[in-house]
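Below is one structure, written out as structure tokens, with a few remarks after it.
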Amino acid sequence: MFKKWLFAAGFAAAAGTGTAQAACTSYEEVTSAWLPIMQTTAYYVAHEEGLFEKACIKVNSNKMQSPNHIIDALVSGRADFGPPGAAAGIAMLAEAKFPGTFKVFGLQGGGIGVNLINDGLIVKTGSGIQSFADLKGKTLGHVPGIQWRTISRHLVRSAGLDPDKDVTLVDLAVPQQVPAVLGGSVDATLSLEPVGSIAAATDGVDRAMINPVAAVIADPFYSGAAVLTTKFINERPTVARKIVEIIDEATRLANADFAKYKAIIPKYTAIRAEQLDLLAQPYLRGFSDLNETDLNSYQAFVDVFTSEGVLKDRMDVRTKILSLSDFATN
């Protein structure tokens, strides 16, 4: 969709790999707010490849502990952009409350058709739980916050159960999910990667379902997004465009050789080096990759917030996607 624009923008000369580093007489400072998860891989690659420096940009990089904190930082003006892995759903909830705050320039997740894992249903070995339909009277843990609470409610409802009566939903921090299933404090978890892959390799727990969210809501499914604030775009459009170009190049590199770049994951996340073989490659879509399938999938996800009563009115995600005119008019 946007490849011609990127080519015309002379991205390779500005930030591409294989070129001489620009002779920067000064640096533009930008502030990011990011989450240490697999979906943020392109941001890690951008740092490791020195793409920001090559574009004469200094990043004040702020690691957050929850998706909500990223969106709060962006809304309050404490950050200019959320790299890949910012919460795609919460961003739209914030847009409903503060219209015109964000523009989305990438999506991250997984899918059945693309054979890349985003999430899984984790259960104790021998529990007899094979799907969400088996959760009646059970406790289901999920990533804390409104995004995964809403997704969990929707999957429970789609399995023919009442999320208010049949299943107890529990916010559960990512590092606690496998231990909670093993210890019996919850019966199952709806977990993001790499928890599912780690669980599949752990005695006593099983991954009962792979990509259950894509099976119900949309395939591929994107729970992560890359976002710019409109304040950043309006005040410094040239720098904002460079950020998009850098993340696009980093996304291309990560997708082309994930086996190479997954070695850097422990530097940025809680993943340990001995767990690298368990990591599943995320499905990363840069601005230049986005197509109608991606936008339809994102729309289907955001529509769940309407059907579950979290959003009062339907939101058209296409009006929230970055467009060339956002830069051209500044």
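Residues Ile265 and Met38 meet the side-chain proximity criterion, which asks for heavy atoms closer than 4.5 Å. Side-chain contact check for Arg285 versus Tyr222: some heavy-atom pair is nearer than 4.5 Å.
Considering all non-hydrogen atoms of both residues, His142 and Ser152 come closest at CB-OG, 3.4 Å. Between Val143 and Asp171, the shortest heavy-atom contact is O-OD1, 4.3 Å. Nearest heavy atom pair, residue Ile246 against residue Ala46, reads CG2-CB, 3.8 Å.
Ring centroids of Tyr44 and Trp34 are separated by less than 6.0 Å, placing the two rings close together.
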Checklist line | Step-by-step side-chain hydrogen bond (donor to acceptor under 3.5 Å, both in side chains) determination, Thr41 to Tyr261 | finding: CA-CA 8 Å; Thr41 296; Tyr261 288 110; over 6 Å; no

Next item on the list: Show your working on side-chain hydrogen bond (donor to acceptor under 3.5 Å, both in side chains) between Asn296 and Arg318 and close with a plain yes or no.
Entry: CA-CA 9 Å; Asn296 289 338; Arg318 284 172 170 77; 2.7 Å; yes

Notebook entry, point to check: Can Phe301 and Phe221 be said to form a ring pair (Phe, Tyr, Trp, His ring centres under 6.0 Å), step by step?
Noted result: CA-CA 8 Å; Phe301 174 30; Phe221 174 75; 4.9 Å; yes

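Side-chain contact annotation: Gln147 with Ser223, donor-acceptor N/O pair under 3.5 Å absent. Counted by atom type alone, Ser191 and Gln177 present one or more donor-acceptor pairs between their side chains at under 3.5 Å. With 3.5 Å as the limit, one finds a donor-acceptor pair spanning the side chains of Asn60 and Glu29.
Taken together through direct or relayed side-chain contacts under 4.5 Å among Ile, Leu, Val, Met, Phe, Trp and Tyr, Tyr283 and Leu295 form part of one hydrophobic cluster.
The local environment of CG in Asp203 is sparse, with at most 12 non-hydrogen atoms from other residues, nucleotides or ligands closer than 6.0 Å.
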